[in-house]
Structures are given as structure tokens and as C-alpha cells.
Amino acid sequence: GTPIGNSLVDLYSQFALLNPDIIGYPDFYTFTSRYCIFGGFERRHIVGYENEEELLAAIAPYVFRATKADCLDLPPKVYQRRYVALAPEQRARYRELARDLRLEGLETSNSLDLMLRLHQIAGGFLPSVTEDGARYAPIGDGKMTELLNIIADCAGQSLIIWCTYRHEVEHVRSRLCAEFGQASTVEIHGGVDEGGRGAAINALQSGSARFLVGIASSGGVGITATAASTVVYYSNSFSFINRVQSEDRAHRIGQTRTVTIIDLIAEDTIDATIMEALDAKTDLARWITN
């Protein structure tokens with residue numbers, strides 16, 4: 001499995017469970033004071049790490065690493081990033097909201113809400129709240145246009161498209177069904193039960209469906225979708241675990257082709273920030289398992 005999901009502090013609970021003497025700190029707070037650098041508002045946020053080599057040396061005698069490459073003969077993964085421009089109204093709304101986020105003294109809960117809305121606008125949707133619940137009005141179709149270009153390049157091959165939000169899944173599925181037929185696309189998310197998930201995977205694997213559209217946090221674990229060799233991230237979350245797990249749905253036993261993983265990134269938006277965070281967590285995971 002993946003030894004850490006978000007940061008170096010994930011190691012504390014794992015080794016405390018095995019034996020608290022391995023790391024040698026009696027509680028989480030003394031551990032973080034030794035290995036974490038705090039900053040930001042009231043110095044409450046971890047902004048970096050220190051004494052990493054000391055920690056690595058402490059856990060090294062208790063770590064055995066067997067990678068997937070050591071155990072399985074699988075083709076490589078290839079990564080691409082495709083940048084899309086925001087539509088004029090989409091850019092204007094994004095800038096307006098980004099100005100609010102930069103206001104000093106903004107409460108954390110409001111900041112998180114604004115970041116969520118920025119992410120949704122970057123994905124092409126303007127969120128609003130009505131008496132009937134949340135509504136997501138389409139405000140830009142750059143990512144969908146690029147997705148269709150990717151599909152055209154894949155010349156009839158099957159694809160997995162991972163999204164962050166349910167409304168993105170619905171939008172992508174609707175468009176693909178309109179373009180390629182109702183049976184072309186299956187979906188996996190929290191609203192699909194176990195039987196429905198199994199049917200969706202069977203349809204993709206058998207070739208009766210060409211596209212699997214899902215939410216990485218709910219569909220990215222425990223399935224095999226090797227009929228697809230191209231994985232597109234319509235959007236990403238900050239979760240490193242969800243990312244690495246969802247990538248490997250196509251990169252499993254039975255896959256004989258190179259797996260191409262493509263990220264759709266709205267230019268000059270929070271999409272780039274999320275990719276930087278995922279890159280940093282990837283580097284941390286590599287460091288801790290070297």
C-alpha cells in the first residue's frame with residue numbers, strides 16, 4: 001500500500017500502532033514539534049519538514065518495501081498535462097471570487113468554501129444555492145472540448161474519466177452519451193450501489209461500454225478496469241491516496257498496454273495549485289520509501 005497519504009505526519013500513527021518506541025516520541029505533538037515546521041495563521045499550519053534523515057534512519061530497520069514493479073510485469077505509465085483556457089465569463093467570475101479569497105482576516109471555513117467554488121468554476125460550473133438545493137450552471141466548456149479531442153486521438157479505445165464532483169460526472173456522461181450513444185458510457189460514484197458498480201465494470205471490460213466516468217474518491221479503489229489504457233482526470237482533489245489508487249484501476253494485472261494518464265488543467269487557476277500539492281506528496285512518498 002501507500003505509506004503516506006498527505007504528509008510526513010501520517011507516519012506517526014502507523015509506527016505508533018506497531019510500537020511507540022520505534023519513533024521514540026510519546027505523543028503526536030512532540031513528534032510534530034521535532035519534524036514539522038509550522039507557519040501561516042497563528043503558526044497552526046505545517047509549511048515544511050525538518051530532521052527528515054533522522055526520522056528515516058529511525059524507521060529504516062522496520063521497513064521492507066516491495067514495489068509493484070518488483071512483483072508484477074506491467075507496462076509503464078506515461079503522464080501528460082493538457083492546459084485549457086477559461087471562457088471570458090468563466091475567467092471574470094473566477095477573478096472576482098479569487099479577490100474575495102485574498103481578503104485579509106477571512107475565516108477558515110469561508111476560505112475553504114471559496115476554494116471549493118473556485119475549483120468548480122475552473123471546472124466549468126458556476127455554483128449557486130436555491131430553495132431546491134445546489135445548482136451548477138455551465139459557464140465554460142474548455143475541459144469538455146479537450147476531453148473530446150483526447151477521445152478522438154484514442155481511435156476507438158476505452159477510457160476512464162475521473163472527476164471530483166457528482167455534477168461533473170453527470171455533465172461528462174450526458175455529453176458522451178449524446179456523442180457516442182447511451183450505451184457507450186457507464187458511471188461509478190457514491191450513488192451507485194455494489195451491483196451497479198459491478199455491472200459498470202463488466203460493461204467496460206467486456207467492451208459493451210467504451211467510457212467509465214466516476215468520482216475518484218468513491219470509485220478509485222477495488223476495481224479492475226484494464227480494458228482502458230487511457231485515464232483522464234477531468235479534475236483532481238488534494239487527496240494523494242485517491243489519486244494513486246484511481247490511477248491504478250487501469251494499471252493492474254492483465255494490462256498489456258502503456259497506460260497514459262492525462263490531467264486537464266484550467267490555466268492560471270487552483271487546478272495548478274492542486275497539481276503542485278499532489279507533486280509534493282508524490283515526492284514525499286518517494287523519499288519515505290527510498
ask   = Out of curiosity, does I151 fall in the hydrophobic cluster containing V213 (side-chain heavy atoms, cut-off under 4.5 Å, transitive links)?
value = yes
query = Do L264 and V232 come within less than 4.5 Å of each other through their side chains, counting heavy atoms only?
reply = yes
task = Work out which heavy atom in I150 is nearest to a heavy atom in T230; give both atom names and the distance.
result = CG2-CG2, 4.4 Å
request  = Could you tell me the separation between the OH atom of Y83 and the CZ atom of R81, rounded to the nearest 0.5 Å?
outcome  = 5.5 Å
message = In the structure I gave you, are the side-chain heavy atoms of R117 and D113 within less than 4.5 Å of one another anywhere?
response = yes
query = Any donor and acceptor pair, going by atom type alone, linking the side chain of R210 with main-chain N or O of S184 inside 3.5 Å?
reply = no
request  = Go through L204 and S158 one step at a time and tell me if the side-chain contact (heavy atoms from CB on, under 4.5 Å) criterion holds.
outcome  = CA-CA 8 Å; L204 183 77; S158 297; 4.1 Å; yes
query = Are any side-chain N or O atoms of K143 and backbone N or O atoms of G123, one a donor and one an acceptor, separated by less than 3.5 Å?
reply = no
query = Any chance the rings of F31 and Y12 have centres within less than 6.0 Å?
reply = yes
ask   = Is there a salt bridge (Lys or Arg N to Asp or Glu O under 4.0 Å) between D153 and R82 once you walk through the steps?
value = CA-CA 13 Å; D153 291 340; R82 299 202 183 187; 3.8 Å; yes
key: Close side-chain approach of R93 to L126, heavy-atom, < 4.5 Å   = yes
ask   = For the side chain of R34 and the backbone of T30, is there at least one donor-acceptor N/O pair under 3.5 Å apart?
value = no
request  = State, yes or no, whether a side-chain contact exists between D268 and R91 at a heavy-atom distance under 4.5 Å.
outcome  = yes
inquiry  = With a 4.5 Å cut-off on side-chain heavy-atom distances among I, L, V, M, F, W and Y, is there a chain of contacts connecting V78 to W162?
reply    = no
Test applied, side chain to side chain contact (heavy atoms under 4.5 Å, CB included); reference residue, R243; option that passes from I274, D248, I261 = I261
task = Search all heavy atoms of D271 against all heavy atoms of A122 and return the closest pair with its distance.
result = OD1-CB, 4.1 Å
query = Under the 3.5 angstrom rule, does the side chain of N19 hit a backbone N or O of D21 as a donor-acceptor pair?
reply = yes
key: Remaining members of the apolar cluster that contains Y165, side-chain heavy atoms under 4.5 Å   = L116
inquiry  = Measuring from atom OG1 of T273 to atom NE2 of H119, what distance do you get when rounded to the nearest 0.5 angstrom?
reply    = 10.0 Å
message = Regarding T260 and Q80, do their side chains bring together a donor and an acceptor under 3.5 Å, going by distance alone?
response = no
Kindly list each side-chain donor-acceptor pair under 3.5 angstrom involving residues 171-178, sequence neighbours excluded, with atom names and distances?
{"residue": "H171", "atom": "NE2", "partner": "D141", "partner atom": "OD1", "Å": "3.3"}
{"residue": "R173", "atom": "NE", "partner": "E187", "partner atom": "OE2", "Å": "3.2"}
{"residue": "R173", "atom": "NH2", "partner": "T185", "partner atom": "O", "Å": "3.3"}
{"residue": "R175", "atom": "NH1", "partner": "D141", "partner atom": "OD2", "Å": "2.9"}

message = Taking M115 as the starting point, is it possible to reach L86 by hopping between hydrophobic residues whose side chains are less than 4.5 Å apart?
response = yes
query = Shortest non-hydrogen contact from S206 to A203?
reply = OG-O, 3.2 Å
inquiry  = Please check: side-chain N/O of H167 versus main-chain N/O of P127, any donor-acceptor pairing under 3.5 Å?
reply    = no
query = Are side-chain N/O atoms of Y233 and S246 paired as donor and acceptor at under 3.5 Å?
reply = yes
key: Under 3.5 Å donor-acceptor, S235 side chain and T164 backbone   = yes
query = According to a 4.5 Å side-chain heavy-atom criterion applied to Ile, Leu, Val, Met, Phe, Trp and Tyr, with indirect links allowed, do V186 and I201 form part of one hydrophobic cluster?
reply = yes
query = Do the side chain of R166 and the main chain of H189 share a donor and acceptor less than 3.5 angstrom apart?
reply = no
Side-chain heavy atoms of L212 within contact of I161, under 4.5 Å = no
task = Using distance alone, with no hydrogens and no angle criterion, decide if Y94 and E89 have a side-chain donor and acceptor under 3.5 Å apart.
result = no
remark   = d(I23 CD1, L11 CG) to nearest 0.5 Å is 6.5 Å
ask   = Could you give the distance from CD1 (I121) to CG (L97), rounded to the nearest 0.5 Å?
value = 5.0 Å
key: Check: V84 and I265 side chains under 4.5 Å, non-hydrogen atoms   = no
ask   = Can you tell me how far CD of E179 sits from CG of L148, rounded to the nearest 0.5 angstrom?
value = 5.5 Å
key: A98 to L118 - nearest heavy-atom pair and separation   = N-CD2, 3.9 Å
request  = Classify the side-chain pair D263/N236 by whether it contains a donor and acceptor separated by less than 3.5 Å.
outcome  = yes
ask   = Do the side chains of Y35 and F15 join up, straight or via other hydrophobic residues, at under 4.5 Å, putting them in one cluster?
value = yes
Residues Q205 and T226: side-chain donor-acceptor under 3.5 angstrom = yes
message = Would you compute the distance between atom OH of Y234 and atom CD of E168 and round it to the nearest 0.5 angstrom?
response = 7.0 Å
query = Which atoms form the tightest heavy-atom contact between A250 and A228, and what is the distance?
reply = CB-O, 3.4 Å
query = Is the centre of the F211 ring less than 6.0 Å from the centre of the F180 ring?
reply = yes
message = Using every non-hydrogen atom in the two residues, find where L159 and Q157 come nearest and quote the distance to one decimal.
response = CD1-O, 3.3 Å
key: Q90 side chain vs A87 backbone, donor-acceptor pair below 3.5 Å   = yes
query = Do the side chains of E247 and V231 get nearer than 4.5 Å, heavy atoms only?
reply = no
